[in-house]
Amino acid sequence: MQASQRISGILGGGSDGWDVFNKARDMIAAGTPVVELTIGEHDIRTAAPILQDMHRAALTGHTGYASIPGVSALRKEVARRVQERTGTPTTAQNVLITPGGQSALFAAHVAVCDPGDRALYLDPFYATYPGTLRGASAEPVCIQTHAEDAFQPRAADIAAQAAGAKSLLINSPNNPTGVVYSRATLEGIAKVSHDHDLWLISDEVYDTQIWEGAHLSPRALPGMAERTLVVGSMSKSHAMTGSRIGWVVGPPQIVEHMVNLATHTTYGVPGFIQDAALFGLELGPDFEEEIAAPFRRRRAIAQKVLAAQNTVALVPAQGAMYLMLDLRSTGMSGEAFANALLEQHHIAVMPGESFGEAAAGHVRVAMTIEDSAFEQAIKTLCAFAESCASKA
Ligand SMILES: Cc1ncc(COP(=O)(O)O)c(C=O)c1O
């Protein structure tokens, strides 16, 4: 019996650059301690009050089928929060609640792309992007950003690929680079979207992790609300990765369209998770800052260590829980460096090449371990880079 090409096609074939990650997992399974700086997941668990509210909601009976677009109170709260933060009028009809940002990304692409439509995305990219676009039966078209621009996309490069395209996927604050797109970048992207009649899918799951500058949602730019779908999630903002709770914010007719997809796929999100999500959102910005604070602190720790040496350069670390380190002065690829660091020092980081071609010669460091161990790991990484550079 043959399984469908549609799912095997998601993987795309070839090396996916996750060898270092898999090797680290194997080492850990074999009992070798590894300093794990690969995956974007907090070193804390979901806060007890949120879990207590989830428990309360389940015990009071919110365990049956929940409203497919999302429970009204949560949709309203997401809309309120988005409107407050962006100034863009938003109501519950603009919001679809989804099982996490990942399924929101899929739903958004299925909602606007037909099979074979060109769907644009930017390199470096969050690892699932090309597969998500293929899963939606779109044709992924990758556009390079450049280390010399601090990975801010160039509108002209996007315009050059935009003829006949249906959508453009962007992500700011960015995983893997940690860069926050400037107003000028986003205005350029908005203009290309208008000129080429593109849907803009804006992945803003790191919008509460801003270390420098300000987060601007492109949906707030003139004329963009009717062509932008914003993907949000409580995974990163509330340390709720395992609860699988996120949303898409967009024009009501597209939200309705995605409700039809949800009816035939997810059938909504469990009611007790949605109630706990509402509770979490109502904890407000102070709680979100508390969740973000360890990354803010560790970024400062790393900046201090990096300032004391000249081999490793830090890509502007403006947001998100990652640092992108430029190791090109060692003459090594990100992959070779990450492999050697793992083998010789038992520190696991992601090669830049895992996220496309644009971040070759870089590694991504997740700031997801306790401060003093993190500081030591960055010091070891720098010393190792210096020794590699001196042999180059
Ligand atoms: C850029 C980006 N988008 C979306 C997601 C998906 O998040 P979730 O499905 O947990 O909400 C992630 C997770 O790491 C991410 O880094």
Side-chain angles (χ1 to χ4, degrees), residues 15-21 23-24 34-38 40 122-127 142-154 157 173-182 211-212 295 298-369 373-392:
S15 160
D16 61 3
W18 283 68
D19 298 355
V20 178
F21 172 79
K23 257 189 231 165
V34 172
V35 179
E36 254 280 25
L37 303 172
T38 53
L122 301 167
D123 177 350
F125 48 82
Y126 170 48
C142 189
I143 298 164
Q144 301 288 304
T145 63
H146 306 276
E148 65 265 33
D149 302 335
F151 298 107
Q152 296 274 337
R154 296 178 190 168
D157 290 351
N174 187 267
N175 175 11
T177 62
V179 166
V180 173
Y181 291 175
S182 68
W211 323 130
E212 223 178 83
F295 307 123
R298 292 167 196 161
R299 166 187 178 265
I301 290 170
Q303 281 179 319
K304 204 162 156 205
V305 173
L306 289 160
Q309 53 82 61
N310 295 314
T311 309
V312 183
L314 177 62
V315 171
Q318 299 161 324
M321 54 173 77
Y322 314 99
L323 302 175
M324 184 62 99
L325 303 179
D326 182 348
L327 292 151
R328 287 175 294 173
S329 66
T330 64
M332 296 166 85
S333 68
E335 207 156 358
F337 182 86
N339 269 304
L341 185 69
L342 179 61
E343 276 156 28
Q344 296 179 40
H345 295 282
H346 299 179
I347 297 174
V349 295
M350 291 299 287
E353 294 84 359
S354 327
F355 311 103
E357 293 169 16
H362 293 66
V363 295
R364 186 194 76 174
V365 175
M367 299 187 277
T368 48
I369 59 169
F374 182 72
E375 179 170 11
Q376 191 49 54
I378 298 293
K379 283 184 177 162
T380 306
L381 183 152
C382 287
F384 181 60
E386 277 171 43
S387 76
C388 294
S390 66
K391 287 182 213 140

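Quick note: numbers below take in every heavy atom, side chains included, and nothing from hydrogens, waters or symmetry partners.
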Novice: Would you give the length of the straight line joining atom CG of Leu323 to atom CZ of Arg299, rounded to the nearest 0.5 angstrom?
Specialist: 8.5 Å
Novice: Do Asp123 side-chain atoms and Ala358 backbone N/O form a donor-acceptor pair below 3.5 Å?
Specialist: yes
Novice: Can you check whether Thr145's main-chain N or O pairs, donor with acceptor, with Gln152's side chain at less than 3.5 Å?
Specialist: no
Novice: After noting the C-alpha distance and the side-chain angles of Val365 and Thr38, does the key distance pass the side chain to side chain contact (heavy atoms under 4.5 Å, CB included) rule?
Specialist: CA-CA 6 Å; Val365 175; Thr38 53; over 6 Å; no
Novice: Quick one: pull up CZ in Phe337 and CZ in Arg328 and give me the separation to the nearest 0.5 Å.
Specialist: 14.5 Å
Novice: Contact between Tyr126 and Pro176 at the side-chain level, heavy atoms closer than 4.5 Å - yes or no?
Specialist: no
Novice: How far does NZ of Lys379 sit from NZ of Lys304, to the nearest 0.5 angstrom?
Specialist: 8.5 Å
Novice: Report the C-alpha distance between Asp326 and Leu314 in whole Å, list the side-chain angles of each, state the deciding distance to 0.1 Å, and finish with yes or no for side chain to side chain contact (heavy atoms under 4.5 Å, CB included).
Specialist: CA-CA 6 Å; Asp326 182 348; Leu314 177 62; over 6 Å; no
Novice: Taking the six-membered ring for Trp, are Phe151 and His362 parallel (under 30°), tilted (30 to 60°) or perpendicular (over 60°)?
Specialist: perpendicular
Novice: Do Arg298 side-chain atoms and Met367 backbone N/O form a donor-acceptor pair below 3.5 Å?
Specialist: yes
Novice: Indicate, with yes or no, if the rings of Tyr322 and Phe295 have centres closer together than 6.0 Å.
Specialist: no
Novice: Quick test of your reading of the model: are Glu353 and Arg364 salt-bridged, counting only N-O distances below 4.0 Å?
Specialist: no
Novice: Using a 6.0 Å cut-off, check whether atom CD of Glu357 has over 12 heavy atoms from anything other than its own residue.
Specialist: no
Novice: What closest approach, in Å, do Trp18 and Ala127 show between heavy atoms, and which atom pair accounts for it?
Specialist: CZ2-CB, 3.5 Å
Novice: Could you tell me which non-hydrogen atom of Thr330 sits nearest to which non-hydrogen atom of Ala385, and how far apart they are?
Specialist: CG2-O, 3.5 Å
Novice: To the closest 0.5 Å, what do you measure between CE (Met321) and OG1 (Thr368)?
Specialist: 8.0 Å
Novice: Hey, could you give me the NZ/CD distance between Lys391 and Glu386, rounded to the nearest 0.5 Å?
Specialist: 12.5 Å
Novice: Could you walk me through whether Phe125 and Asn175 pass side chain to side chain contact (heavy atoms under 4.5 Å, CB included), step by step?
Specialist: CA-CA 7 Å; Phe125 48 82; Asn175 175 11; over 6 Å; no
Novice: If you round to the nearest 0.5 Å, how far is CG of Leu327 from OG1 of Thr311?
Specialist: 9.0 Å
Novice: Run Asn174 and Val180 through side chain to side chain contact (heavy atoms under 4.5 Å, CB included) and show every step you take.
Specialist: CA-CA 6 Å; Asn174 187 267; Val180 173; over 6 Å; no
Novice: Is the CG atom of Asn310 crowded by more than 12 outside heavy atoms at less than 6.0 Å?
Specialist: no
Novice: Compile the donor-acceptor pairs under 3.5 Å between side chains in residues 338-351 and protein atoms, sequence neighbours left out, one pair per line.
Specialist:
| from | atom 1 | to | atom 2 | distance (Å) |
| --- | --- | --- | --- | --- |
| Asn339 | OD1 | Lys23 | NZ | 2.5 |
| Asn339 | ND2 | Glu335 | O | 3.1 |

Novice: Taking all atoms of both residues into account, what is the closest heavy-atom pair of Ala359 and Met324, and its distance?
Specialist: CB-CE, 3.7 Å
Novice: Which heavy atom of Pro316 sits nearest a heavy atom of Val179, and at what distance?
Specialist: O-CG2, 3.8 Å
